[in-house]
Amino acid sequence: MSAPVAVFINVEVDDAVARDAELAKKLEEVCPVDIFATDSDGTLEIVEQNLDECILCNQCVEAAPEGTVRVIKLYET
């Protein structure tokens, strides 16, 4: 029996950042839980199955130009 997976966040990345191979690689490198990956063409992919591992460290937000990466909490505090 497998436990249900609960996703508490969503990540949004502007298209310009997702298409920038250098920024995509940087996001992949800074994320401690592997939410980001790069395709063979260098574009950014969000690894959906890892979203529930997010520790809200904000490293991705800090690594990208202001306002281009957003971590959205799907719950109320």
Side-chain angles (χ1 to χ4, degrees):
M1 180 175 181
S2 62
V5 175
V7 178
F8 298 104
I9 63 111
N10 191 23
V11 175
E12 293 180 353
V13 178
D14 286 1
D15 288 341
V17 171
R19 289 189 306 265
D20 184 312
E22 185 177 321
L23 284 172
K25 187 68 175 163
K26 187 175 183 181
L27 288 172
E28 182 180 26
E29 290 171 357
V30 301
C31 182
V33 294
D34 300 322
I35 289 175
F36 304 101
T38 51
D39 274 341
S40 59
D41 65 356
T43 58
L44 186 73
E45 265 192 37
I46 295 175
V47 182
E48 300 281 334
Q49 64 265 28
N50 291 352
L51 285 175
D52 62 322
E53 301 296 325
C54 182
I55 59 173
L56 301 173
C57 67
N58 265 352
Q59 290 186 43
C60 57
V61 173
E62 294 169 7
E66 188 174 340
T68 59
V69 174
R70 291 163 299 286
V71 177
I72 302 161
K73 297 175 186 175
L74 302 177
Y75 58 90
E76 292 187 33
T77 56

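Values reported hereafter were calculated over all heavy atoms of this structure, with side chains retained and with hydrogens, waters and symmetry mates removed.
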Q: At what distance, to the nearest 0.5 angstrom, does CD of Glu48 lie from CD1 of Ile35?
A: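 Going from the CD atom of Glu48 to the CD1 atom of Ile35 covers 10.0 Å.
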
Q: Please find the pair of heavy atoms, one from Leu27 and one from Phe36, that lie closest to each other, and give the distance.
A: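 Shortest heavy-atom separation between Leu27 and Phe36 comes out as O-CD1, 3.6 Å.
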
Q: When rounded to the nearest 0.5 angstrom, what distance separates OG1 in Thr38 from CG in Leu23?
A: 12.5 Å

Q: Taking it one step at a time, do Asp34 and Glu53 satisfy side-chain contact (heavy atoms from CB on, under 4.5 Å)?
A: CA-CA 9 Å; Asp34 300 322; Glu53 301 296 325; over 6 Å; no

Q: Do Val30 and Val17 sit in one hydrophobic cluster, given that two such residues count as connected whenever their side-chain heavy atoms are within less than 4.5 Å of each other, even indirectly?
A: no

Q: Could you measure the distance from the CD1 atom of Ile55 to the CD1 atom of Ile9? Nearest 0.5 Å is fine.
A: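 CD1 of Ile9 is found 11.0 Å from CD1 of Ile55.
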
Q: Give the minimum heavy-atom separation between Ala18 and Val13, together with the two atoms involved.
A: N-CG1, 4.0 Å

Q: When you group the ILVMFWY residues by side-chain heavy-atom contacts below 4.5 Å and let the links chain together, are Leu51 and Val69 in the same group?
A: yes

Q: Grab the two heavy atoms, one from Phe8 and one from Tyr75, that are nearest each other, plus how far apart they are.
A: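 That would be O-CD2, 3.4 Å.
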
Q: Nearest heavy-atom pair of Pro32 and Cys57: which atoms, and what distance?
A: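 Scanning both residues completely, I find the closest heavy atoms to be CD-SG, 3.9 Å.
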
Q: Are Val47 and Leu56 grouped together when hydrophobic residues (ILVMFWY) are joined by side-chain heavy atoms under 4.5 angstrom apart?
A: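 Not linked; separate clusters.
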
Q: Using atom types as modelled and distance alone, determine if a side-chain donor or acceptor of Asp41 lies under 3.5 Å from a backbone N or O of Thr43.
A: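 Side chain of Asp41 to backbone of Thr43: a pair is present.
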
Q: Do you know the tightest heavy-atom contact between Cys54 and Val71?
A: SG-CG1, 4.4 Å

Q: For Asp14 and Gly67, which heavy atoms make the closest approach, and how far apart are they?
A: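 In terms of heavy atoms, the two residues are closest at OD2-O, 3.9 Å.
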
Q: What pairs with Glu29 under side-chain contact (heavy atoms from CB on, under 4.5 Å), at least two apart in sequence or on another chain?
A: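 Per chain and number, Glu29 pairs via side-chain contact (heavy atoms from CB on, under 4.5 Å) with Lys25.
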
